[in-house]
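Atoms within each ligand, like the ligands themselves, are counted from 1 in listed order. As the structure is a prediction and not an experimental result, all values here were calculated from the model.
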Amino acid sequence: MLNIIIFGPPGSGKGTQSEKIIHKYGLIHISTGDILRKEISADTELGKIAASYINHGNLVPDELIIAMLEHELSGIDSSSRGIIFDGFPRTVMQAETLKAILARRKGRVAIMLNLETDRQELIDRLLKRGQTSGRSDDNMETIVQRLNVYESVTAPVINFYKSEGCYRGISRTGTPYEIFKDIETVIDSILKEVS
Ligand code: AP5
Ligand code: MG
């Protein structure tokens, strides 16, 4: 299985690039943010708890996220081509747990792709999206908190994957298509190594 993490701050293009990766490489998409938003729409117990964190730009507690992820993975056969993890892991604890969960399935993370984007560009993109997205967290106050949480709690995950030897920074600016060209080069080189 080709397991990829698409990583980066809010608005860096994780969802946009995931779609392109899925289309080209046939991977299964797990976006913890999308799953949580579905739970909120369905007004489940998990959704109610998640909303109280998401609406303020804070992270949902690790235990809830990990239980949700394990449930999602239990429906995925290990004969599938692989998984793209979008928005997970977001803490070092989540990264360590993912390593253990995949090891139990005789798998591992092949690449962690970090979408590096300038802070002002992130704010501009999210405010623009907020005009039509209906996302409760796409407003200035919550965006600033999301970015601060990213810097303090999530960015340290980068060092975890550097030490695992699978970190790749994607520093290109440009259109989603141009950024995807760089991502393709990285994924294709990994596929060549394993074939
Ligand atoms: P999540 O849904 O993961 O949101 P996020 O990380 O804040 O990121 P976004 O989805 O807003 O942005 P993105 O990077 O996907 O960019 P996109 O492609 O949409 O998480 C939401 C919340 O859920 C968290 O705050 C937390 O509370 C909770 N949560 C989720 N996972 C969790 C976890 N593991 N642990 C704990 N809590 C968790 O692009 C953004 C915009 O920019 C779009 O409009 C797009 O069209 C545009 N765009 C993209 N690329 C470009 C480009 N190259 N040029 C110009 N515009 C572009
Ligand atoms: Mg997203």
*Return the protein residues near ligand 1 (heavy atom under 4.0 Å from any of its atoms), ordered by chain and residue number.*
Pro9, Pro10, Gly11, Ser12, Gly13, Lys14, Gly15, Thr16, Thr32, Gly33, Leu36, Arg37, Ile54, Asn58, Leu59, Val60, Ile65, Gly87, Phe88, Arg90, Gln94, Arg125, Leu126, Arg129, Arg135, Asp137, Arg146, Gly174, Thr175, Pro176, Ile179
_Is it the case that the side chain of Thr44 and the backbone of Glu39 share a donor-acceptor pair, with hydrogens and angles ignored and the cut-off at 3.5 Å?_
yes
*asked:* Closer than 4.0 angstrom, basic N to acidic O: yes or no for Lys99 and Glu164?
replied: yes
_Exactly one of Thr16, Ile183, Asp182 should register a side chain to side chain contact (heavy atoms under 4.5 Å, CB included) with Leu115. Which one does?_
Ile183
*asked:* Could you work out, with salt bridge (charged side-chain N to carboxylate O under 4.0 Å, His left out) as the rule, every residue matching Arg168, not counting sequence neighbours?
replied: none
List, one per line, each side-chain donor-acceptor pair under 3.5 Å for residues 149-162, sequence neighbours excluded.
| residue | atom | partner | partner atom | Å |
| --- | --- | --- | --- | --- |
| Ser152 | OG | Asn148 | O | 3.0 |
| Thr154 | OG1 | Arg90 | O | 2.9 |

*Shared-cluster residues of Ile143, by chain and number - hydrophobic side chains joined below 4.5 Å*: Leu122, Ile123, Leu126, Leu127, Met140, Val144, Leu147
